[in-house]
Amino acid sequence: MDIPATTIESWEARYGTPVRWTHIQPVTPDNYAIIRGSQRDGRAHDITLYIAADGRIAVIAKPVYPPGMFRAPSGGLTPGESLEAGASREAYEETGLRIRLASYLLRVDVTFVEDTRRIDWCTHVFSASAIDQKIAPVDHHEIREARWALPSEFAAFGRMMRLTSHGGLHYRAALHEQVAAVHPLFLQYQSANP
């Protein structure tokens, strides 16, 4: 399911115009199969959430991640689901948090490439605030662990992601770096620690 341009325009009207970024990410045949398998109902997007509370960001670890590697939660909208409903559902499933969307930070057009095959994908990154602070995944099948992280921890998460052979994680590391350039919490941390 591609998200119609008119829907994206309505998101921009409510949450601001995001920074646009284009990225090409090489992936292995196994990575390609995983991404292709996530395309139920023709899905070609994800909503990634940088949920903040008290100077920290909510992060998740999937069961296959090595200890210490985390990333921002994400997931897709189901057909007919609003941004707010889908973001709230994904945040709750992956972190146990109730959220309030704040701003539309980044829109990424990424192409995952494996030999001659390609998948065009769009990541929509939103900042959000946590309404509550007790963090614990609800969907234990998809998420092994959720916790709060300081902005300073994201560089280490990215290094760990790049040590794997998983192109999707390399993309997530690059995405963290792009978000750090536009998210107020990361910018505040960077200005305090030049």
Side-chain angles (χ1 to χ4, degrees), residues 1-5 7-8 11 18 20-51 57-66 69-97 99 101 104-128 137-146 154 157-158 160-179:
M1 158 183 108
D2 276 335
I3 297 175
T7 299
I8 294 171
W11 297 353
R20 296 287 303 267
W21 180 48
T22 302
H23 184 72
I24 296 173
Q25 182 62 58
V27 295
T28 65
D30 288 345
N31 297 158
Y32 185 90
I34 290 168
I35 297 165
R36 186 60 80 200
S38 74
Q39 293 192 286
R40 302 177 301 281
D41 301 316
R43 175 181 161 211
H45 75 276
D46 70 90
I47 307 298
T48 296
L49 300 167
Y50 282 75
I51 304 165
I57 303 282
V59 293
I60 56 99
K62 293 191 176 263
V64 298
Y65 289 7
M69 188 173 76
F70 292 86
R71 69 171 179 85
S74 66
L77 301 180
T78 60
E81 187 174 43
S82 72
L83 167 65
E84 292 79 8
S88 293
R89 176 184 50 75
E90 286 292 345
Y92 183 73
E93 289 172 1
E94 295 196 359
T95 68
L97 297 170
I99 65 163
L101 289 178
Y104 191 178
L105 295 175
L106 191 62
R107 180 176 168 193
V108 184
D109 294 307
V110 60
T111 302
F112 295 104
V113 178
E114 188 277 316
D115 195 22
T116 61
R117 301 184 298 173
R118 58 185 284 147
I119 298 172
D120 292 320
W121 190 269
C122 189
T123 296
H124 304 274
V125 180
F126 286 83
S127 65
V138 174
D139 181 351
H140 295 281
H141 175 72
E142 185 180 349
I143 306 300
R144 180 187 72 223
E145 182 182 357
F154 279 78
F157 300 155
M160 290 184 75
M161 289 177 193
R162 286 195 168 97
L163 290 174
T164 72
S165 62
H166 196 290
L169 288 174
H170 293 203
Y171 167 61
R172 287 288 164 182
L175 186 64
H176 281 323
E177 292 163 1
Q178 293 298 313
V179 170

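Because the structure is a prediction, the values reported are computed rather than measured. Worth knowing before you read on, the calculation uses all heavy atoms, side chains too, and leaves out hydrogens, waters and symmetry mates.
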Point-to-point distance, once rounded to the nearest 0.5 Å, from [atom1] of [X] to [atom2] of [Y]:
X: Ser74; Y: Leu49; atom1: OG; atom2: CG; answer: 8.0 Å
X: Ile24; Y: Thr111; atom1: CD1; atom2: OG1; answer: 6.0 Å
X: Phe112; Y: Arg117; atom1: CZ; atom2: CZ; answer: 14.0 Å
X: Ser127; Y: Leu101; atom1: OG; atom2: CG; answer: 8.0 Å
X: Leu77; Y: His45; atom1: CG; atom2: NE2; answer: 4.0 Å
X: Phe70; Y: Tyr65; atom1: CZ; atom2: OH; answer: 10.5 Å

Would you say that [X] contacts [Y] through its side chain, given a criterion of any heavy-atom pair below 4.5 Å between the two side chains?
X: His124; Y: Ile3; value: yes
X: Tyr104; Y: Ile8; value: yes
X: Ile119; Y: Glu114; value: no
X: Ile60; Y: Pro137; value: no
X: Leu169; Y: Met69; value: yes
X: Tyr50; Y: Val179; value: yes
X: Leu175; Y: Leu106; value: yes
X: Ile143; Y: Val138; value: no

*Determine whether the side chains of Arg172 and Thr48 contain a donor N or O and an acceptor N or O closer than 3.5 Å.*
yes
*asked:* Quick one, Phe154 with Val59, criterion side-chain contact (heavy atoms from CB on, under 4.5 Å). Give me CA distance, side-chain angles, the key distance, then yes/no.
replied: CA-CA 10 Å; Phe154 279 78; Val59 293; 3.5 Å; yes
What pairs with [X] under salt bridge (charged side-chain N to carboxylate O under 4.0 Å, His left out), at least two apart in sequence or on another chain?
X: Glu93; answer: Arg89
X: Asp30; answer: none
X: Arg144; answer: none

*Using the side-chain contact (heavy atoms from CB on, under 4.5 Å) rule, take Asp41 and Thr78 through it: C-alpha gap first, then chi angles, then the decisive distance, then the call.*
CA-CA 8 Å; Asp41 301 316; Thr78 60; 5.9 Å; no
*asked:* Tell me the closest heavy-atom pair linking Leu97 and Ala58, and the distance in Å.
replied: CD1-CB, 3.9 Å
*Shortest non-hydrogen contact from Asn31 toward Ser165*: OD1-O, 3.5 Å
*Scan His23, His166, His176 and name whichever one has a ring pair (Phe, Tyr, Trp, His ring centres under 6.0 Å) with Tyr171.*
His23
_side-chain contact (heavy atoms from CB on, under 4.5 Å) between Trp11 and Ile47, intermediate numbers included_ = CA-CA 12 Å; Trp11 297 353; Ile47 307 298; 3.9 Å; yes
*For the pair Ser38 (side chain) and Ile35 (backbone), establish whether a donor and an acceptor sit closer than 3.5 Å, ignoring hydrogens and angles.*
yes
*Does the side-chain contact (heavy atoms from CB on, under 4.5 Å) test come out yes or no for Trp121 and Arg43, once each step is laid out?*
CA-CA 9 Å; Trp121 190 269; Arg43 175 181 161 211; 3.7 Å; yes
